[in-house]
2 protein chains.
Amino acid sequence: MSKQPKYQQVADALRREIDNGTYGPGSRLPSEAELSARFDASRNTVRSGLNLLVSQGLISSSQGLGYAVRKHEVFKLNASRFENLNFPQNGDAYSTDVTSAGRRPHQTFRVEVTTTPGHIAEQLKVEPESRAVLRFCHRFVDDVPWSTQATYYPDWLVQEAPRLTEPGDIAEGTTRYLSSLGIEQVGYADEILTRMPTPEEARLLEIGAGVPVLIWTRTGYSGEQPIRYTITTFRGDLNRMNYEIGDLSARDENEAK
Amino acid sequence: MSKQPKYQQVADALRREIDNGTYGPGSRLPSEAELSARFDASRNTVRSGLNLLVSQGLISSSQGLGYAVRKHEVFKLNASRFENLNFPQNGDAYSTDVTSAGRRPHQTFRVEVTTTPGHIAEQLKVEPESRAVLRFCHRFVDDVPWSTQATYYPDWLVQEAPRLTEPGDIAEGTTRYLSSLGIEQVGYADEILTRMPTPEEARLLEIGAGVPVLIWTRTGYSGEQPIRYTITTFRGDLNRMNYEIGDLSARDENEAK
DNA sequence: TCAGACTTCTTGTACCAACAAGTTGAGCAA
DNA sequence: TTGCTCAACTTGTTGGTACAAGAAGTCTGA
């Protein structure tokens, strides 16, 4: 009959009950002691089962409070509208998106001149360890850490566009600033991947166990030349990325009605 | 000094050694007993530390063999070239991509007529629980499970395009088949998200602990009307998704040289 | 030589105990 | 009422033990 280990049975039973709504999002689970009695298992065995669900992102635990079913409140990001010449990308694309969703944006900003790590140099088609400007952004929504964004600009571009090294935001947006210097971003290549966070990422984004990160990189081109490389790291439990390609005008008109 | 719990110290130390190359990808870690001696900790404590790294996707364990550093062999998917009128999407887009990478593709295929779950009905703009055709695909690369793909077609479309219910591939591709009936896919909206796999997904994709899934959904439109909704679930450790937007012809010509 | 048993390594499961530490609410004192 | 202490809950950490089970090489007997 029960070939499965006991801690698996505990995890499966609890997952079923969460799925069917016995324990709704945000609600508390019975304590380890109660579950221990219910499943006739030791506290350690029950903990193994709970740990499984935690690492699967289904529940979370906090000392003194107990276990709770995780809530999923996702935020939709529009990646294809994010950055084009009509609506230049800058910090404000994020601010307006968040504000229009009725949330409160907050970000910290930092600029530094560094050497380019190998994999980034490759994207920017410059020598490894050569100079680059890094503009780094740590973003919050309603004081919850949301994402980090690091954009690298190659040194040759900084020579032409010195304001990139200015600390603080460039008011009109970097894309528009570069455009005013005759450097047009004509296209970009995006890459999206997912993995579990590094401890550093988990710290910055305050990610609990069992939550992956969504990593979005964008290489912007002006002609054949890469002019920027942006790495954005999102909390996987709070974000979805959207792309719209082709002619969706008929749909959008219909939506508006 | 050591405010951190001992199992954390174990995890941190091992992570450092993996990062700096002491243990390279695929190599075996010392056994629990050896680590127990090295860190002067009980086997349980060492196991806690190792478990942390497993659930973070850094290492994997197998009974009898020990712990090993996880290898990351990623496969790049091009989402923006995947499906357009010049290169209609069908099962072969996957096959050709895999073959051209020198790998061996394999897939199982299934067609069924079902009722539409609520969130899918919403995307297709049809009544919940109404009839729809589901074309389901389970894909492998070199016999390793790679992704699952489920595409839903609304009932009204199936009336016009009866071959959608045919079991087995449609040789010329569904997009081209629909096009031949005057139903052109003029645009699509993509959504990408990540989370930890459900037990069902973990089973189908043979995902170990600490590996998230990358979920890619695409709604295809013909005018204002959604004509298909595709959900593709990838193993997060093996896939990256690429989008190319705008004019990258200058870059591509440069690459070719 | 070869097949099978056996030993020895590994991790997996399950239990017990004890104390640390975070959270909450009851109850007491000013 | 207000503010504080403290008891009673919760999970977190660390130690121990025992046996199950998978993997791999050794040793033995045909």
Side-chain angles (χ1 to χ4, degrees), chain A residues 1-14 18 23 26-70 199 202-203 206-211, chain B residues 1-14 18 23 26-70 199 202-203 206-211:
Chain A
M1 177 55 207
S2 66
K3 264 192 322 188
Q4 274 201 325
K6 206 181 264 190
Y7 76 96
Q8 268 284 355
Q9 297 176 29
V10 172
D12 288 349
L14 290 175
I18 290 169
Y23 303 108
S27 70
R28 259 200 62 197
L29 260 55
S31 72
E32 291 177 353
E34 288 174 275
L35 292 172
S36 178
R38 171 179 160 191
F39 291 102
D40 187 31
S42 74
R43 187 183 159 213
N44 280 344
T45 302
V46 170
R47 275 177 73 79
S48 294
L50 288 165
N51 245 307
L52 204 59
L53 297 181
V54 168
S55 73
Q56 291 171 349
L58 195 65
I59 62 177
S60 62
S61 73
S62 44
Q63 195 170 353
L65 283 175
Y67 294 82
V69 181
R70 199 169 245 147
R203 192 179 58 79
E206 289 172 23
I207 292 183
V211 178
Chain B
M1 178 57 208
S2 67
K3 264 193 320 190
Q4 274 200 323
K6 207 181 261 190
Y7 76 96
Q8 267 285 354
Q9 297 176 29
V10 173
D12 289 349
L14 290 175
I18 290 169
Y23 304 107
S27 70
R28 258 199 62 198
L29 260 53
S31 72
E32 292 176 354
E34 288 174 275
L35 292 172
S36 177
R38 172 179 159 191
F39 290 102
D40 188 30
S42 73
R43 188 182 159 213
N44 280 343
T45 302
V46 170
R47 274 178 73 79
S48 294
L50 288 165
N51 245 308
L52 203 60
L53 297 182
V54 168
S55 73
Q56 290 170 351
L58 195 66
I59 63 176
S60 62
S61 73
S62 45
Q63 194 170 355
L65 284 174
Y67 294 81
V69 181
R70 196 167 249 149
R203 192 179 59 78
E206 288 172 24
I207 293 183
V211 177

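Quick note on labels: first sequence line is chain A, next is B, and so on, each numbered from 1. All values derive from a computational prediction rather than experimental measurement.
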Check: Between D/dT13 atom P and B/Gln8 atom CD, what is the distance in whole Å?
Finding: 8 Å
Check: From B/Arg43 CZ over to B/Glu32 CD, what is the distance, rounded to the nearest 0.5 angstrom?
Finding: 4.5 Å
Next item on the list: Would you mind reading off the distance between A/Leu53 atom CG and D/dT11 atom P, rounded to a whole angstrom?
Entry: 14 Å
Check: Does a donor on one side chain sit under 3.5 Å from an acceptor on the other, for B/Ser42 and B/Thr45?
Finding: yes
Next item on the list: For the pair A/Ser36 (side chain) and A/Ala41 (backbone), establish whether a donor and an acceptor sit closer than 3.5 Å, ignoring hydrogens and angles.
Entry: yes
Item checked: Between C1' of D/dG25 and CG of B/Leu65, the distance in whole Å -> 13 Å
Check: Which is true for B/Ser62 with a 4.0 Å heavy-atom rule: it touches a base, it touches only sugar-phosphate, or it touches nothing?
Finding: sugar-phosphate
Check: Using a cut-off of less than 4.0 Å, is there contact between a side-chain N or O of A/Tyr67 and OP1 or OP2 of D/dG12?
Finding: yes
Check: Looking only at atom types and distance, does a side-chain atom of B/Ser61 sit under 3.5 Å from a main-chain N or O of B/Gly66, one as donor and one as acceptor?
Finding: no
Note to self: When you measure from the side-chain N and O atoms of A/Arg47 to the phosphate of D/dT11, is any distance below 4.0 Å, counting only OP1 and OP2?
What the structure shows: no
Next item on the list: Would you kindly compare A/Gly64 and A/Ala41 by the position of their nearest DNA chain C nucleotide and give the one closer to the 5′ end?
Entry: A/Ala41
Check: Can you tell me how far C1' of D/dT11 sits from CD1 of A/Ile59, to the nearest Å?
Finding: 12 Å
Margin query: Side-chain N or O of B/Ser48 versus OP1/OP2 of D/dT13: is the shortest distance under 4.0 Å?
Written below: no
Next item on the list: Measure the distance from CD on A/Gln9 to P on C/dA14 and round it to the nearest whole Å.
Entry: 8 Å
Note to self: Measure CD/A/Gln63 against P/D/dG12 and give the value in whole Å, please.
What the structure shows: 6 Å
Next item on the list: Please determine if a side-chain N or O atom of B/Ser31 lies less than 4.0 Å away from the OP1 or OP2 oxygen of C/dT10.
Entry: yes
Checklist line | Any A/Ser42 side-chain nitrogen or oxygen under 4.0 Å from OP1 or OP2 of C/dA14 | finding: no
Check: Ignoring hydrogens and geometry, is there a side-chain-to-backbone donor-acceptor pair from A/Glu34 to A/Ser31 under 3.5 Å?
Finding: yes
Note to self: Measuring from the side chain of A/Glu32 (C-beta onward, heavy atoms only), which nucleotide among D/dT11, C/dT10, D/dT13 has the closest atom?
What the structure shows: D/dT11
Item checked: Value in whole Å for how far the P atom of D/dT14 lies from CG of B/Leu50 -> 14 Å
Next item on the list: Establish, with yes or no, whether the OP1 or OP2 oxygen of C/dC15 is under 4.0 angstrom from a side-chain nitrogen or oxygen of A/Thr45.
Entry: yes
Check: Between D/dT14 atom P and B/Gln4 atom CD, what is the distance in whole Å?
Finding: 10 Å
Note to self: So, does B/Arg43 get its side chain near the phosphate of D/dG16, meaning an N or O under 4.0 Å from OP1 or OP2?
What the structure shows: no
